Every structure is written in structure tokens, then in C-alpha cells.
Participant: 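Handing you this structure, nothing more for now.
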Amino acid sequence: GLRRIDHVGVAVADLDVAIEFYERVFGMRCVHVEENTEQGVREAMMSVGPDPAGGCVQLLAPLTPESAIAKFLERSGPGVQQVAYTVDDVAATSEELRSRGMRLLYPSARTGTGGSRINFVHPKDAGGVLVELVEPPAPARDER
Ligand code: MC0
């Protein structure tokens, strides 16, 4: 099942400009920057409070014009693109959600931030919200 909110993903045109904005205006701290070519993004994890496990904003900038984020920016402009939940077992939670009629975007999990394993529920099945499932890399980020 779902454990907590892992991050809220925000589509941005320029990653460096967005990082500076979130630091200066909201006082968040950039804890990780990564390029994920499979997902077509350059992304930054912004810790909301002192502990990133308390929840992050993930800034997502497109790497290519064909990427999901480029398409989103074109259609909707910058803004919230996804809500991501931490799960213990992405395969098991994906199967559970499939059994409840949700379309998962991938037959099996792919690689996300920092070596996590991820899958997504189609936004049309989840009330217009792109839902991401995140299984943190071992050792689990959250062993509570
Ligand atoms: C599209 N739609 C959305 C949406 N994207 N609704 C809410 N939130 C979004 N993010 C809506 C459109 O407005 C449209 O609605 C309908 O869904 C289109 O569906 P589609 O034609 O099936 O699909 P596409 O081509 O628009 O693509 C949407 C889809 C895609 C979610 C399938 O973005 C995708 O594969 N996303 C998963 C990967 C991803 O987002 N990667 C970037 C983050 P109407 O009503 O007009 O029909 S990477 C990441 O997050 C990693 C690094 C990590 O966290 O570790």
C-alpha cells in the first residue's frame, strides 16, 4: 500500500531558474539533481523541510521536445504534473491497483530518481491526477 507523499512533481521550462526560485521564495533546499534520459527529464528534488523524508517538490524540466514534460508544458503550461507516493513494493502495489481497474503505464517498474523503482497510474483513471508510485532503493529511505 501507500506509505506517504514522496513528492509533488512540477513541470518547469528551465530547471536552474526554478531551483533558484524555490530556494529564494520558499526557502527549500535542493538535495538532488539528476538527468533521466529514459524519462526525458532533468530533475531536482527540493526538500520542503529540513528532512527530505518529510516530503519534496520535484522540479521537472524536459530534455527533448518529444518528452512527457515537453508535451505537458505545451498543453498545460508550467504547474503540477504528478503526485508521487512512497510504497514498499512497487510491483505489489501496481498489481493491487490493476486489480481495482487502474491502468498502470508500464508492465513492470522502471528506474526513477536515485535508483528508485517507479510506475504510474494513468491520469484518466485517477480523476485527472498522474499518480506515481515510488519504491525507494534499498536500504529503504523510510523503515518506520
Ligand atoms: C496528460 N494528461 C494529464 C497529464 N498528462 N492529466 C493530468 N496530469 C498529467 N500529467 C491528460 C491530457 O490532458 C489528456 O486529457 C490525456 O491525459 C491524454 O492522455 P494520453 O494521450 O494517453 O497521453 P499523453 O501523450 O498526453 O501522455 C500522458 C502520460 C505521459 C501520462 C501517458 O505523460 C506519461 O507517460 N507519463 C509518465 C512518465 C512521466 O510523466 N515522466 C516525467 C516525469 P484529455 O482530456 O485532453 O484527453 S519523470 C519522473 O517523475 C521520475 C524521474 C521520478 O519521479 O523518479
Side-chain angles (χ1 to χ4, degrees), residues 1-94 96-98 102-144:
L2 311 186
R3 287 296 183 153
R4 56 185 167 81
I5 291 178
D6 191 275
H7 63 265
V8 174
V10 175
V12 304
D14 184 314
L15 193 68
D16 297 324
V17 168
I19 292 171
E20 192 278 330
F21 175 84
Y22 273 77
E23 287 174 340
R24 178 170 50 81
V25 175
F26 296 118
M28 293 187 196
R29 185 168 55 98
C30 181
V31 291
H32 184 73
V33 175
E34 182 174 333
E35 210 170 277
N36 184 326
T37 48
E38 186 177 42
Q39 290 294 330
V41 295
R42 227 184 121 221
E43 51 115 338
M45 278 295 180
M46 307 299 296
S47 183
V48 176
D51 183 1
C56 287
V57 169
Q58 180 187 45
L59 303 174
L60 296 158
L63 276 183
T64 70
E66 306 77 41
S67 62
I69 297 302
K71 208 169 165 185
F72 182 90
L73 286 170
E74 216 169 275
R75 183 153 46 194
S76 315
V80 174
Q81 188 255 353
Q82 56 169 261
V83 176
Y85 300 101
T86 310
V87 300
D88 293 329
D89 182 337
V90 68
T93 303
S94 298
E96 196 171 84
L97 293 173
R98 275 192 200 98
M102 297 293 102
R103 276 172 296 165
L104 276 290
L105 292 185
Y106 310 137
S108 60
R110 294 188 181 170
T111 301
T113 310
S116 59
R117 303 297 295 164
I118 61 173
N119 207 335
F120 294 87
V121 178
H122 197 286
K124 287 294 161 190
D125 289 350
V129 178
L130 175 61
V131 171
E132 181 181 354
L133 308 175
V134 183
E135 179 185 326
R141 243 186 278 161
D142 186 348
E143 290 173 342
R144 276 166 291 173

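Nothing here was measured: the structure is a model prediction, and the numbers come from that model.
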Participant: Mind running side chain to side chain contact (heavy atoms under 4.5 Å, CB included) on Y85 and I5 for me, showing each step along the way?
Facilitator: CA-CA 5 Å; Y85 300 101; I5 291 178; 3.9 Å; yes
Participant: Which atom pair, heavy atoms only, marks the closest approach of A11 to F72?
Facilitator: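 Shortest heavy-atom separation between A11 and F72 comes out as CB-CD2, 3.6 Å.
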Participant: Rounded to the nearest 0.5 Å, how far does CZ of R110 lie from CG of N36?
Facilitator: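 Taking CG in N36 and CZ in R110, the distance rounds to 10.5 Å.
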Participant: Calculate, to the nearest 0.5 Å, the distance between atoms CE and CD1 belonging to M45 and I19 respectively.
Facilitator: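 With rounding to 0.5 Å, CE (M45) is 12.0 Å from CD1 (I19).
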Participant: What residues form a salt bridge (Lys or Arg N to Asp or Glu O under 4.0 Å) with R42, not counting sequence neighbours?
Facilitator: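 Testing R42 for salt bridge (Lys or Arg N to Asp or Glu O under 4.0 Å), a comparison that skips the adjacent residues, returns D16.
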Participant: To the nearest 0.5 angstrom, please state how far the CG atom of D6 sits from the CD atom of Q58.
Facilitator: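 Here the rounded value is 8.0 Å.
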Participant: Is the backbone N or O of G114 less than 3.5 Å from a side-chain atom of E34, with the two atoms forming a donor-acceptor pair by type?
Facilitator: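 Confirmed, E34 side chain pairs with G114 backbone.
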Participant: Which atoms form the tightest heavy-atom contact between A84 and V134, and what is the distance?
Facilitator: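 Minimum heavy-atom contact is CB-CG2, 4.0 Å.
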Participant: Above 12 or not: heavy atoms from other molecules or residues under 6.0 Å from CD of E74?
Facilitator: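 Counting other residues, nucleotides and ligands, CD of E74 stays at 12 neighbours or fewer.
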Participant: Can you find a heavy atom in the side chain of V17 that is under 4.5 Å from one in the side chain of V12?
Facilitator: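 V17 does not reach V12 side chain to side chain.
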Participant: Looking only at heavy atoms, what is the nearest atom pair of A13 and A61, with distance?
Facilitator: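 So the minimum-distance heavy-atom pair works out to O-CB, 4.2 Å.
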Participant: Is it true that a side-chain atom of N119 and a backbone atom of Y106 form a donor plus acceptor pair closer than 3.5 Å?
Facilitator: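 Judged by distance alone, yes, a pair lies under 3.5 Å.
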Participant: Quick check: do P136 and S116 have side-chain heavy atoms less than 4.5 Å from each other?
Facilitator: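 Result no, sub-4.5 Å side-chain heavy-atom pair not found.
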Participant: Is there a side chain to side chain contact (heavy atoms under 4.5 Å, CB included) between L97 and L133? Walk through the geometry before answering.
Facilitator: CA-CA 11 Å; L97 293 173; L133 308 175; 3.9 Å; yes
Participant: Which heavy-atom pair separates S67 from G40 by the least distance, and what is that distance?
Facilitator: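 Distance-wise, the nearest heavy atoms are CB-O, 3.5 Å.
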Participant: Taking side chain as C-beta onward, heavy atoms only, is L130 less than 4.5 Å from L105?
Facilitator: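 Of all side-chain heavy-atom pairs linking L105 with L130, at least one is under 4.5 Å.
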Participant: Given the rule in the side chain to side chain contact (heavy atoms under 4.5 Å, CB included) test, do M46 and E23 qualify, once you have shown the distances and angles that lead to the verdict?
Facilitator: CA-CA 8 Å; M46 307 299 296; E23 287 174 340; 3.9 Å; yes
Participant: Would you say V131 and M102 make side-chain contact, with heavy atoms under 4.5 Å?
Facilitator: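 Not touching, per the 4.5 Å side-chain cut-off.
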Participant: Keeping R103 on the side-chain end and H122 on the backbone end, is there a donor-acceptor pair under 3.5 Å?
Facilitator: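 Checked: no pair found.
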Participant: Nearest 0.5 Å, what's the CZ-CZ distance between R24 and F21?
Facilitator: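 Between R24 CZ and F21 CZ, I get 7.0 Å after rounding to 0.5 Å.
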Participant: Just do the side chain to side chain contact (heavy atoms under 4.5 Å, CB included) check on Y22 and V10 with the steps written out, would you?
Facilitator: CA-CA 11 Å; Y22 273 77; V10 175; 4.1 Å; yes
Participant: Please determine which of T37, V41, I69 meets the side chain to side chain contact (heavy atoms under 4.5 Å, CB included) test together with L63.
Facilitator: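 Checked T37, V41, I69 against L63; only one passes side chain to side chain contact (heavy atoms under 4.5 Å, CB included): T37.
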Participant: Side chains of C56 and M28: closer than 4.5 Å at any heavy-atom pair?
Facilitator: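 Heavy-atom side-chain distance check fails, nothing below 4.5 Å.
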Participant: If we ignore hydrogens and angles and just use 3.5 Å, is the side chain of R4 paired with the main-chain N or O of A53 as donor and acceptor?
Facilitator: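 Pair found, side chain donor or acceptor close to backbone of A53.
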Participant: Pairing donors with acceptors under 3.5 angstrom, does anything connect the side chains of T111 and E38?
Facilitator: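 E38 and T111 do not have a side-chain donor-acceptor pair below 3.5 Å.
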Participant: Compare every heavy atom of T93 with every heavy atom of G1, then report the nearest pair and how far apart it is.
Facilitator: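 Smallest interatomic distance, heavy atoms only, reads N-OG1, 3.7 Å.
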Participant: Considering only heavy atoms from C-beta outward, does the side chain of I118 approach that of Q39 to under 4.5 Å?
Facilitator: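 Heavy-atom side-chain distance check passes, below 4.5 Å.
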Participant: Which atom pair, heavy atoms only, marks the closest approach of Q81 to L60?
Facilitator: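 Scanning both residues, the minimum pair turns out to be OE1-CD1, 3.5 Å.
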Participant: Is there a donor-acceptor contact under 3.5 Å linking the side chains of E43 and H32?
Facilitator: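 No, no side-chain donor-acceptor pair sits under 3.5 Å.
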Participant: Looking at residues at least two apart in the chain, or sitting in another chain, which of them share a side chain to side chain contact (heavy atoms under 4.5 Å, CB included) with E96?
Facilitator: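 Applying side chain to side chain contact (heavy atoms under 4.5 Å, CB included) to E96 gives R100.
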Participant: What is the distance from atom CD of E20 to atom SG of C30, rounded to the nearest 0.5 Å?
Facilitator: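 So the gap between those two atoms works out to 12.0 Å.
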